[in-house]
Every structure is written in C-alpha cells, then in structure tokens.
Amino acid sequence: MKTKAWRRFLWGMRDGMPICTGYLAVSFSLGIFAGSIGMTAFQGFLASLLNNASAGEYAGFSLIAADAAYVELALVTLIANARYLLMSTALSQRFSPDTPFFHRLLIGFDVTDELFGLAISHPGYIDPVYMYGAFSVALAGWSVGTALGIVAGNILPVRVVSALSVAIYGMFIAIIIPPARKDRVVAALVVISFAASFAFAAVPLFSALSEGTRTLILTIVISGGAAILFPVKAEEPEASGKGGERDAS
C-alpha cells in the first residue's frame, strides 16, 4: 500500500531538520558578510532563497561589493556552482521513468551537497514529495539564517560584528579541509590556489584586472589543468532497488 503524500512530506521534513540547523548557523555568518556590504535583510533572504549555495553566494556577494559587471557575476556564480550540474545529472538517473518533468525541475532547483547525500541515501527511485519536505526546511534555514545575520550585523557593536565575520572563513576551511586530508592532489591544488590568488593580486599585470576576472581565470586554469593531469576515475554505479517508497508503519 502506497504511503500518503502528506506523510512522506513530513518524513522529508524530519530528515531535513539536521540540515536546516546546520544551514542556519552557516548562513548566519554569510549574512554578517552580506550586511557589511550594505545588503538589507530582505535582499539577503531573497538571495539565499533563490541561490542555496554557500560558495556561490559568497562569490556573488564579493563581486557585488566590488561593483563587478553582471557578466562577471553570472560567470563566477556559474563556475562556483558547477558541481551541482554533476549532482543533478546523477540524480536524474534515480527518478522513476514516469516522473513528470516539473518534479525533476523543482528538485533540480535545490540540489546541495547535503540534500544530494540525503536523496541518494535511500535505495530505489527518488520520491519527489519526500524531497520537497526536506527542501522546505533546509531552504528556510538557509534563507532565515542569512536574514538574521544581516539584522544582527546592524544591531551588534562593530567589534562583535568584526569578530563574527571571521566565521565565514571558517566555513570555507571546513569545506576544503576534509577532501584535502583524503587526497594529496586536492591538498596541493588548495595550496596552489592560495598562492596563485595572492600572486594575481600582487603582480601589476594581473592586479589591474577586476576581482571577478581574476577569479574566472584562476578557476578555469587550475581546475582545467587538474582535470587533465589528474582525472578522477569513474566508479561503477551500485544497483538500486525498484521501490523507493517507504512502507506505512
């Protein structure tokens, strides 16, 4: 017997709550940064609602602060979020063949590392209703956290805001350290990226370029070179079950 849609939605909300609390904390520091460049709480909330991506959103905010061109903003955000294209491609193989296009489109809107992990953690086909439940709380946590960070940044003393703004860098350290510890190639690329970014900002030939252009050049050259020299071997996909639905208890 197929479980009712509202129950599957609630299951998704339940499983998405840990993601929501994590997003709330991380996006708060993002909101502190957004407030420091003059964004309002509503603008931060709307930006996070439409772009649930820490690295991509931070890159976008940085370029907004640098008064970059729209083309640079679009390209940098696209590159920073490119991994979600791969995740979406992988998830497309987990849908039932008769899943309507609008379900695939809506789920593709909010694919993040954590929600992708949640989606593939269950055997069988992806249940869109279950994923909508997880999305609803995760996206709310990310958006509200950003708005709260901006509000707090406008209320708290300058010294406190300055101290809290350091948390955004802690977020990125937390992103790069785990994969760098597992793979020496990734660790080397992180070091090369730091050194190249510093060099580009110091060398007159490149420092004259806008921040967005420098970021584009470094991202394409370093990631492209790494993909050619150190290609990642494809893993054999695991066989999935045919069900994907939870049984009613």
Side-chain angles (χ1 to χ4, degrees), residues 1-24 26-27 45-57 59-60 73-146 175 178-179 182 223 227 231-249:
M1 181 178 178
K2 188 174 181 180
T3 307
K4 293 182 178 179
W6 66 266
R7 188 180 294 274
R8 283 146 47 207
F9 185 86
L10 291 179
W11 277 335
M13 292 185 66
R14 180 198 62 189
D15 293 348
M17 280 305 299
I19 299 176
C20 171
T21 55
Y23 282 178
L24 189 67
V26 173
S27 62
F45 175 85
L46 190 60
S48 289
L49 185 67
L50 299 176
N51 184 28
N52 189 0
S54 56
E57 200 166 343
L73 180 62
L75 289 176
V76 169
T77 304
L78 176 64
I79 293 174
N81 294 335
R83 69 185 187 279
Y84 298 129
L85 297 175
L86 302 178
M87 293 182 189
S88 296
T89 301
L91 285 182
S92 68
Q93 309 303 309
R94 296 288 303 276
F95 283 104
S96 171
D98 59 353
T99 301
F101 173 74
F102 74 90
H103 279 315
R104 300 170 185 265
L105 185 65
L106 290 176
I107 289 180
F109 166 72
D110 199 23
V111 175
T112 66
D113 303 75
E114 295 78 13
L115 291 170
F116 173 80
L118 182 62
I120 65 174
S121 65
H122 301 294
Y125 294 132
I126 292 174
D127 178 7
V129 176
Y130 169 83
M131 292 308 302
Y132 294 152
F135 289 172
S136 64
V137 292
L139 193 55
W142 185 256
S143 305
V144 172
T146 304
I175 292 173
K182 295 179 181 178
S223 61
V232 178
K233 295 181 180 180
E235 297 181 357
E236 291 295 331
E238 296 181 359
S240 60
K242 294 183 179 181
E245 299 285 355
R246 297 192 184 201
D247 295 329
S249 56

Colleague: Using every non-hydrogen atom in the two residues, find where Ile19 and Ala138 come nearest and quote the distance to one decimal.
Modeller: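 Where Ile19 meets Ala138 most closely, the heavy atoms are CG2-CB, 3.9 Å.
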
Colleague: Would you check if the side chain of Thr112 reaches a backbone N or O of Leu115 as a donor-acceptor pair within less than 3.5 Å?
Modeller: yes

Colleague: Compare all side-chain heavy atoms of Phe45 with those of Thr146 and state whether any distance is below 4.5 angstrom.
Modeller: no

Colleague: Do you know which two heavy atoms are closest between Asp113 and Tyr84, and how far apart they sit?
Modeller: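 Closest approach of Asp113 to Tyr84: OD1-OH, 3.3 Å.
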
Colleague: Does either side chain, that of Tyr130 or that of Asp15, offer a donor lying less than 3.5 Å from an acceptor on the other one?
Modeller: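 Present: a donor and an acceptor within the cut-off.
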
Colleague: Looking only at heavy atoms, what is the nearest atom pair of Ser136 and Met13, with distance?
Modeller: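 Residues Ser136 and Met13, closest heavy atoms: OG-CG, 3.7 Å.
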
Colleague: Can you list the steps and then say if Val111 with Leu91 is a side-chain contact (heavy atoms from CB on, under 4.5 Å)?
Modeller: CA-CA 9 Å; Val111 175; Leu91 285 182; 3.9 Å; yes

Colleague: Taking the side chain as C-beta and beyond, is there a heavy-atom pair between Asn51 and Asn81 under 4.5 Å?
Modeller: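 Yes, at least one pair of side-chain atoms sits under 4.5 Å.
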
Colleague: Determine whether Asn52 and Tyr23 make a side-chain contact, defined as any pair of heavy atoms from C-beta on separated by less than 4.5 Å.
Modeller: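 Side chain of Asn52 against side chain of Tyr23, heavy atoms only: contact under 4.5 Å found.
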
Colleague: Between Pro97 and Tyr125, is there a side-chain heavy-atom distance shorter than 4.5 Å?
Modeller: yes

Colleague: Output yes when a side-chain donor or acceptor of Arg94 lies under 3.5 Å from a complementary backbone atom of Gly124, and no otherwise.
Modeller: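 Yes; judged by distance alone, with no hydrogens or angles, the pair exists.
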
Colleague: Thr99 and Arg104: which non-hydrogen atoms are nearest, and at how many Å?
Modeller: O-NE, 3.3 Å

Colleague: Quick one: pull up CZ in Phe116 and CE in Met131 and give me the separation to the nearest 0.5 Å.
Modeller: 10.0 Å

Colleague: Between Ser143 and Ser48, is any side-chain donor less than 3.5 angstrom from a side-chain acceptor?
Modeller: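 Per modelled atom types, Ser143 and Ser48 side chains form no pair under 3.5 Å.
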
Colleague: Are Phe95 and His103 close enough, and set up right, to give a ring pair (Phe, Tyr, Trp, His ring centres under 6.0 Å), and what steps lead you there?
Modeller: CA-CA 10 Å; Phe95 283 104; His103 279 315; 8.4 Å; no

Colleague: Of all the heavy-atom pairs spanning Asp110 and Phe135, show the shortest one and how long it is.
Modeller: O-CE2, 3.5 Å

Colleague: About how many Å separate CH2 of Trp11 and NE2 of His122, when rounded to the nearest 0.5 Å?
Modeller: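 Rounded to the nearest 0.5 Å, the NE2-CH2 separation comes out at 10.5 Å.
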
Colleague: Donor-acceptor pair, Thr77 side chain versus Ala74 backbone, under 3.5 Å?
Modeller: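 Such a contact is absent between Thr77 side chain and Ala74 backbone.
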
Colleague: Do Pro128 and Ile107 have side chains that get closer than 4.5 Å, going by heavy atoms?
Modeller: yes

Colleague: Identify the two heavy atoms, one from Gly141 and one from Ser27, that lie closest to each other, and give their separation to 0.1 Å.
Modeller: O-OG, 3.5 Å

Colleague: Between Val26 and Trp142, is there a side-chain heavy-atom distance shorter than 4.5 Å?
Modeller: yes

Colleague: Starting from the C-alpha separation in whole Å, work towards a yes-or-no answer on side-chain contact (heavy atoms from CB on, under 4.5 Å) for Tyr132 and Asp127.
Modeller: CA-CA 9 Å; Tyr132 294 152; Asp127 178 7; over 6 Å; no

